[in-house]
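First the structure, in the form of structure tokens, and then the observations on it.
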Amino acid sequence: MRRITLTRFLIEAQRQQGAQNSDLRLLIEVVARACKAISVAIGKGSLGGVLGDAGSDNVQGEAQKKLDVLSNEILLEANEWGGHLAGMASEEMELPHAIPTEYPKGEYLLLFDPLDGSSNIDVNISVGTIFSVLKCANAGCDLHDHDFMQKGTQQVAAGYTVYGPSTLLVLTLGNGVHCFTLDRELGSFVLTKENLSIPEDTREFAINMSNQRFWEKPVQRYVDELLQGKEGPRGKDFNMRWVASMVADVHRILTRGGLFMYPLDSKTVAQGGKLRLMYEANPMAFIVEQAGGAATTGRERILDLQPTGLHQRVPVVLGSKNEVERVTRYHLEGSQG
Ligand code: P6P
């Protein structure tokens, strides 16, 4: 098989799309290079002296891991000098990060969760980086919160890296979803799977069952039917997985299908849900839809939501299309019940 590196893939994609400026290609390559540095830091584990808590909280009030802070800094420093960005936003920062005045500004906005699932770091379970790319209304715009408040349908690119047994970069530029594996000897991401596709049906679901008593009735009904297996109304047995690392759960679904749910529950209803719209739900929804899956809040398409805040939270139901549609149908029936 030809070894197509990320750089070659991006150059050929740019040529096919007739894109004039190479800033988007530069952006993706810079993010990929930053993720390689994050992968190296994570891979050192205890030997790197970067495990454990940073002793600070993020804007969500969650304890930050040292690697949360380090990963955020790696992404900021890698991206601020290239002239491709107008600004950045991160789960780890309350306000957007403006490009320092000594550097030129570009037309793209980069949003990211620098280290998703970081509570798994100290127990050596896969974690990841999630990123979303928007365009500024006008190139070099003076950065304000509202520049980021664009619907998920406006994304020009989205991706994640999963730091697992191997380090993978999964990327969409709006023309399918493609997976690259980090060749640690060469230091390059190499194309290992093109056009990932999520089967419309599945026998596997992912949800944190410990929240069952807090779920709304439609989700209670849906999961109860799965648990009844072939004796129940679904007529088949289901398997369950929950890594508590969205990137790992979503990557499994992109690889073999499945349904991921972090639904609205009475614990998180006041915040609107658990997961963040701008740098978790939107990029993952873009990727999942590009792979033939579906992504809703249980009630409406995630990519159609008009954001109201940089750190807004939403319920998430995504994966195999026919299962997402069933959950959505139960919500509609429930709402009429
Ligand atoms: P819980 C990680 O903190 C995260 O944001 C997602 O990666 C993951 O799917 C979810 O939260 C896990 O939440 O409540 O099961 O710990």
Side-chain angles (χ1 to χ4, degrees), residues 35 38 42 51-54 56-69 71-72 89-93 111-132 158-164 168 170 204-216 219 223 240-255 258-288 293 295-298 302 309-319 324 327:
C35 291
I38 294 170
I42 289 171
L51 296 187
D53 289 348
S56 52
D57 291 348
N58 66 15
V59 61
Q60 334 278 345
E62 298 164 337
Q64 288 176 305
K65 298 290 186 185
K66 289 177 188 168
L67 275 170
D68 282 321
V69 176
S71 301
N72 193 58
S90 164
E91 178 182 85
E92 302 306 329
M93 303 182 304
L111 302 92
F112 49 81
D113 179 356
L115 203 58
D116 177 67
S118 55
S119 57
N120 284 318
I121 280 273
D122 297 345
V123 293
N124 203 38
I125 289 174
S126 297
V127 291
T129 298
I130 309 171
F131 63 92
S132 170
Y160 62 80
T161 42
V162 51
Y163 310 110
L168 304 178
V170 173
E204 194 161 67
F205 69 101
I207 194 167
N208 182 337
M209 286 298 294
S210 70
N211 293 327
Q212 186 172 28
R213 63 190 183 284
F214 303 118
W215 298 334
E216 297 179 297
V219 175
V223 173
M240 199 204 99
R241 287 282 182 276
W242 186 251
V243 184
S245 185
M246 186 184 196
V247 172
D249 282 314
V250 170
H251 187 70
R252 185 188 58 252
I253 288 167
L254 274 161
T255 307
L259 185 78
F260 172 96
M261 289 180 281
Y262 213 111
L264 201 62
D265 62 38
S266 52
K267 282 197 303 184
T268 58
V269 64
Q271 294 85 13
K274 158 103 186 205
L275 301 179
R276 292 75 171 187
L277 173 61
M278 299 306 292
Y279 38 80
E280 288 176 338
N282 266 343
M284 289 307 202
F286 186 21
I287 292 166
V288 163
T296 74
T297 60
I302 285 173
L310 199 53
H311 302 290
Q312 175 181 351
R313 296 167 184 258
V314 291
V316 175
V317 178
L318 61 78
V324 174
V327 174

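Just follow the structure's listing: the first ligand is 1, and inside any ligand the first atom is 1. What you see below is based on every heavy atom in this structure, not just the backbone, and it leaves out hydrogens, waters and symmetry mates. Here the structure is a predicted model, which is why all the values come from computation and not from measurement.
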Atom pair OG/CG of Ser90 and Leu111 - distance to nearest 0.5 Å: 9.0 Å
Set of residues that line ligand 1, where lining means a heavy atom lies under 4.0 Å from it: Asp116, Gly117, Asn208, Trp242, Ala244, Ser245, Met246, Phe260, Tyr262, Lys274, Leu275, Arg276, Glu280
Pair Tyr279-Asp116, side-chain donor/acceptor within less than 3.5 Å: no
Whether over 12 other heavy atoms sit under 6.0 Å from Asn124 CG: no
Aromatic centroids of Trp242 and Phe205 separated by under 6.0 Å: no
Donor-acceptor pair between Asn282 and Ser132 side chains, under 3.5 angstrom: no
Verdict with supporting geometry, Asp113 and Tyr160, side-chain contact (heavy atoms from CB on, under 4.5 Å): CA-CA 9 Å; Asp113 179 356; Tyr160 62 80; over 6 Å; no
